[in-house]
Amino acid sequence: MSSRFIPYGKQFINNEDIKEVVNVLKSDFITQGEKISQFEKKLAEYCGAQYAVVFNSGTSALHGAYFSLGLSENDEFITTPITFVATSNAGLYLGAKPVFLDIESDTGNIDVKEIEEKITEKTKLISVVHYSGHPVDMEKVKQIANKHGLKIVEDACHALGAKYKGEKIGSCKYSNATVFSFHPVKHITTGEGGAVLTNDKEIYEKLLMFRNHRITKNSNKFLNKPDGDWYYEMQFLGYNYRMTDIQASLGISQLKKLDSFVKRRREIAKIYNEAFKDNPYFDTPVEKDYAFHSYHLYPIRLKDEYKEKKKEIFEYLRKGGIGVQVHYIPVYRQPFYQKLGYKKGLCPNAEDFYEREISLPIYPAMSDEDIDFVINLQFLN
Ligand SMILES: *Cc1c(COP(=O)(O)O)cnc(C)c1O
């Protein structure tokens, strides 16, 4: 038994970050100042997109992205069950119905080959998740979406810093909008936070309004005659999904370190891949030729002989000081989704993936000793 405990992921915050946040705390504006638009500009630049709109979480950013693409009541959207519940919940907020697509057993991403089978007259958009930081084969998704007139959202909450065919995730080259999260376990953090990137000005403007109660101060858009210079209008129901300047300043500072964070994650993955190459228990993550993996997670998959022992292995690793986690329980297996009528067996590969998957620790602040500790722990009693 060891006193060391290595979580599966955590933030990296240094004095430079802290200084930036303190500066904002001492300034006149702790929210709705200039840090928000600075962070948005830098984020858009980094990803190679025209616009970024930051939100107070990845979940609210997803809500905004789906809304701005017109997802609404009685629409269907195609997505993956191997994700955090927010990916499909955000569509439910708008009254739309998630249609779960099965996954590829190696990457854990949606099986692009099966998208067309799920398309109906009600399908409005496809929401893909770059699971663990490995991009989905977006060119193929885009071909299908174009053919059927569907919109594409990339839930890239795992994939900031990843690339698809040499292009940064977030460039929106193959999608209408891309969503990121800045939760502490993600690539960069603002405490809580998220963003939507897009190249479409109309979507951009909808996002800005959606984030701020759908209030407009643009006199060209007013329905009523303005009472004076103070006048603003709320024509539709919106939300307060704003990020603070305190958070944005942390985001700006974190973004400077993003490339080094991704580099370290990839280094750790390489060391793991090498160390676990011939192990009898599990398969290691793959990286397809079109992918530059950003390793938000390092998901291993137990081989047939050990699948039945997952619970035991998980407990053993936890007791040994390795903070393993499981990503994910297929979303439609949640009681809330069961009540909506989704049945066990809907996506057999996803259920099989869930029975095998364990996420090992991977984060930039991991020391070489931490890595050795993970590698050297016996896998089973
Ligand atoms: C983290 C995450 C979200 C939600 O982000 P929050 O910032 O926690 O709201 C959505 N989708 C995926 C795939 C995530 O990993």
Side-chain angles (χ1 to χ4, degrees), residues 7-11 39 43 52-67 71 77-94 98 100-101 103 107-110 125-136 138 152-162 169-170 175 177-197 207 210-211 239-244 247-248 250-251 254-255 261 265 285 293-299 325-332 334 337 350 353-354 357 359 362-363:
Y8 84 90
K10 77 171 191 195
Q11 73 277 15
F39 183 31
L43 197 60
V53 179
V54 294
F55 282 76
N56 59 6
S57 73
T59 305
S60 56
L62 276 165
H63 190 188
Y66 294 165
F67 164 82
L71 190 69
F77 63 107
I78 294 170
T79 191
T80 171
I82 296 296
T83 184
F84 185 54
V85 292
T87 313
S88 54
N89 285 355
L92 289 174
Y93 298 163
L94 295 161
F100 294 101
L101 187 63
I103 60 156
T107 60
N109 284 334
I110 50 159
L125 70 81
I126 306 170
S127 178
V128 303
V129 174
H130 305 302
Y131 173 77
S132 76
H134 187 293
V136 170
M138 291 307 295
I152 303 172
V153 171
E154 294 172 75
D155 177 341
C157 292
H158 294 185
L160 185 58
I169 294 296
S175 66
T178 302
V179 174
F180 293 113
S181 162
F182 308 125
H183 179 279
V185 296
K186 307 292 164 68
H187 287 88
I188 64 169
T189 191
T190 60
E192 298 283 355
V196 184
L197 280 81
L207 289 167
F210 189 72
R211 175 176 74 178
Y239 299 83
N240 177 357
Y241 278 165
R242 295 188 305 261
M243 180 185 269
T244 65
Q247 293 168 299
L250 181 55
Q254 287 264 299
L255 196 56
F261 287 169
R265 284 176 183 274
H293 202 318
S294 62
Y295 290 101
H296 161 59
L297 301 173
Y298 188 86
Q325 195 42 278
V326 170
H327 299 93
Y328 291 93
I329 303 165
V331 172
Y332 62 82
Q334 296 294 344
Y337 282 83
F353 189 87
Y354 166 57
E357 197 272 343
S359 301
I362 191 164
Y363 51 91

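Read the numbers this way: they start at 1 and go in the same order the structure lists the ligands and their atoms. Here the structure is a predicted model, which means the values were calculated and not measured.
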**Q.** Y328 contact mode with ligand 1 (heavy-atom cut-off under 4.0 Å)
**A.** side chain

Q) Going by the angle between their ring planes, with limits at 30° and 60°, are F77 and Y66 parallel, tilted or perpendicular? A) tilted

Q) Taking the non-hydrogen atoms of S60, is any one of them nearer than 4.0 angstrom to ligand 1? A) no

**Q.** Shortest non-hydrogen contact between Q325 and E357, atoms and distance
**A.** O-OE1, 4.1 Å

Q) Who's the nearest protein heavy-atom neighbour of atom 9 (O) of ligand 1, and how far? A) T59 OG1, 2.5 Å

Q. So is there a nitrogen or oxygen of L62 less than 3.5 Å from a nitrogen or oxygen in ligand 1?
A. no

Q. Above 12 or not: heavy atoms from other molecules or residues under 6.0 Å from OH of Y354?
A. no

Q) Quick one: OG on S175 to CG on L125, what's the gap to the nearest 0.5 Å? A) 11.0 Å

Q. Does ligand 1 have an atom under 4.0 Å from some heavy atom of F180?
A. no

**Q.** Main-chain N/O of S294 paired with H130 side-chain donor or acceptor, under 3.5 Å
**A.** no

Q: Please say whether H183 places an N or O atom under 3.5 Å from an N or O atom belonging to ligand 1.
A: no

Q. Which protein heavy atom lies closest to atom 1 (C) of ligand 1, and at what distance to 0.1 Å?
A. K186 NZ, 1.5 Å

Q.
So, taking the atom named CZ in F182 and the one named CE in M243, what distance separates them when rounded to the nearest 0.5 Å?
A. 5.5 Å

Q.
Does ligand 1 come near enough to E192 that some N or O of the ligand is less than 3.5 Å from an N or O of the residue?
A. no

Q | Any N/O pair S181/ligand 1 closer than 3.5 Å | A | yes

**Q.** Atom indices of ligand 1 within 4.0 angstrom of G193 heavy atoms, with elements
**A.** 7 (O)

Q | Which of the ligand 1 atoms, numbered from 1, are nearer than 4.0 Å to a heavy atom of T87 | A | 11 (N)

Q: Within a distance under 4.0 Å of any heavy atom of G58, pick out the atoms of ligand 1 and give their elements.
A: 5 (O), 6 (P), 7 (O), 9 (O)

Q) Would you say ligand 1 has an N or O under 3.5 Å from any N or O of H296? A) no

Q: Scan F67, F210, F55 and name whichever one has a ring pair (Phe, Tyr, Trp, His ring centres under 6.0 Å) with Y239.
A: F210

Q: Give the numbers and elements of all ligand 1 atoms closer than 4.0 Å to a heavy atom of T83.
A: 13 (C)

Q. If only atom types and distance count, is the side chain of Q254 paired as donor or acceptor with the main-chain N or O of T189 below 3.5 Å?
A. yes

Q. Any donor and acceptor pair, going by atom type alone, linking the side chain of T79 with main-chain N or O of S127 inside 3.5 Å?
A. yes

Q: Check the angle between the aromatic planes of H158 and H296 and answer parallel, tilted or perpendicular using the 30° and 60° thresholds.
A: tilted

Q: List the closest protein heavy-atom neighbour of atom 11 (N) of ligand 1: residue, atom name, distance to the nearest 0.1 Å.
A: D155 OD2, 2.8 Å

